[in-house]
> 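Input: one structure, supplied below.
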Number of protein chains: 2
Amino acid sequence: MTAPSDARARGTRLPRVRRRRQLLAAAQEVFVARGYHAAAMDEIAERAGVSKPVLYQHFPGKLELYLALLEEHSEVLVEKQREALESTDDNRQRVTASFQAYFDFVAGDGEAFRLVFESDLRNLPAVREKSEQTFQRCAELIGDVIRQDTSISDEEAHLLSIALVGMAETSARYWLNNHGSVPQDAAEQLVARLAWRGISGWDLTRSAEEAASGD
Amino acid sequence: MTAPSDARARGTRLPRVRRRRQLLAAAQEVFVARGYHAAAMDEIAERAGVSKPVLYQHFPGKLELYLALLEEHSEVLVEKQREALESTDDNRQRVTASFQAYFDFVAGDGEAFRLVFESDLRNLPAVREKSEQTFQRCAELIGDVIRQDTSISDEEAHLLSIALVGMAETSARYWLNNHGSVPQDAAEQLVARLAWRGISGWDLTRSAEEAASGD
DNA sequence: TCCTCATCTTACTCCTGCGTAAGTTGGGTG
DNA sequence: CACCCAACTTACGCAGGAGTAAGATGAGGA
């Protein structure tokens, strides 16, 4: 499958912090490839070129190891999203940048996005909360922008943001799984256009349509 | 939690088909509440008011039991979606109906949608395929409509459909988890409007925007 | 050189939960 | 009424995998 990170010369001793980083990398590979449940602590240790108790000298248990990774990558996503929205004042550009951030996140770092978006441990409250919270924070960032420039209510703005984030997440994941058919920037542009058409000038058409459908 | 379906009078014998239906119902409750991994065959049996071997007289194993449910509800979703799109010739109405179908699916049948959308067994190829295939079939139905009325390429139409389905799925799930703040039809309408604004008249604005962004 | 302690290993224990062997019960039919 | 077979039960085997006890090893300082 993926290259066994760097289990160089089983028998090499490493200073504590260095070993910890390496263990996290090995764990990420295994969790991404197999999911939480099918990932064995033995395999993680083996991939790091180390025996199992070493793992337990760095992390109290399998769950904590997983949570450390989840936390880290969740933070990365939110940060990418924040940067994207702060990168410009033009809303059309903001939409593009926002989608690009999502696609970059999905395309990057050894498919780590699967930990955040496709965790098979979401039934555990701690994990569910972290995932949803990450999702919500992204939506909130977008919601703030929407609210600034429309007269829409807070609740409606929030739901729209949720919908947009869902669109980004879903299309980015789909795009990655079907790599090759469309280049990344083309996919981004296409979906961003869909989103922009959806929200831009929202206030202008709303009353007209409500009159029509309410009639 | 949820009422224990009907484990009436432990000791009641049931004809084969009737028992099978009841076992499926009990299994659904447990799988929905706990997810695949945390669901115990013992609990499913207990909830059905029956001992474990009875379960194994109806299903070869835990996996097959799960797959039977997944299959069933996947089919329901696709069918709902098909009906929605066939219910009218007006595309604006189609969008509304399509989103309504998604929200109905999520709101209905003991949260069975969690089996399709939130399975913690997606790392198993059989399950991943079924989930993705369901998703794709929904997208394909929508893609067909889009292609009929635009000059867009097949690939682009497909990606747009994926994005729209993702939007529907995500917003419906979010809406359900935060029940109470917004009534179902209001949520549907809002998201449907977003989608409709996004795709309607796509051909008309594309060349203009391409010229602008390419300049 | 020899001591020390952090790093690492082998070789277990134990628990959970799927699946099954063997035997029991009760309603319908000749 | 006696038989039969489908529906059911209790009680267990067994595997996989998390976590651990106890001991080995090697680099850096006195």
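A, B, ... follow the sequence lines: proteins, then strands. Residue 1 opens every chain.
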> Tell me the interatomic distance from A/Tyr66, atom OH, to D/dG17, atom P, rounded to whole angstroms.
17 Å
> List the residues meeting ring-ring contact (aromatic ring centres under 6.0 Å, His included) with B/Phe103, not counting sequence neighbours, and say none if there are none.
B/Trp175
> Nearest whole Å is fine: how far is C/dT7 C1' from A/Leu55 CG?
14 Å
> How would you list, by chain and number, every residue that makes a side chain to side chain contact (heavy atoms under 4.5 Å, CB included) with A/Gln100, sequence neighbours excluded?
A/Asp104, A/Glu188
> Can you name the residues that form a ring-ring contact (aromatic ring centres under 6.0 Å, His included) with A/Tyr102, not counting sequence neighbours?
none
> Round to the nearest Å and state the distance from B/Glu46 atom CD to C/dC18 atom P.
13 Å
> Does a side-chain N-to-carboxylate-O contact under 4.0 Å join A/Arg147 and A/Glu140?
yes
> Tell me whether the OP1 or OP2 atom of C/dC8 has a side-chain N or O from A/Arg19 closer than 4.0 Å.
yes
> Send over the distance from A/Arg20 CZ to C/dA6 P, rounded to a whole Å.
18 Å
> Taking only residues two or more places apart in sequence, or in another chain, which ones meet A/Arg21 in a side chain to side chain contact (heavy atoms under 4.5 Å, CB included)?
A/Arg18
> To the nearest angstrom, how far is A/Leu23 atom CG from C/dC8 atom C1'?
12 Å
> Looking at every strand, decide which applies to B/Ala38 at a 4.0 Å heavy-atom threshold: base, sugar-phosphate, or nothing.
nothing
> For A/His58 and D/dG19, give me the distance from atom NE2 to atom P, rounded to whole Å.
16 Å
> Could you state the CG-C1' distance from B/Leu65 to C/dC18, rounded to the nearest angstrom?
13 Å
> Rounded to whole angstroms, how far apart are CZ on A/Arg34 and C1' on D/dA18?
17 Å
> Under the rule for side chain to side chain contact (heavy atoms under 4.5 Å, CB included), what residues qualify as partners of A/Arg20, not counting sequence neighbours?
A/Leu24, A/His58, A/Phe59
> Once each nucleotide of nucleotides 19-30 of chain C is scored for protein heavy atoms under 4.0 Å, what B/S/- sequence comes out, 5' to 3'?
BBB---BB----
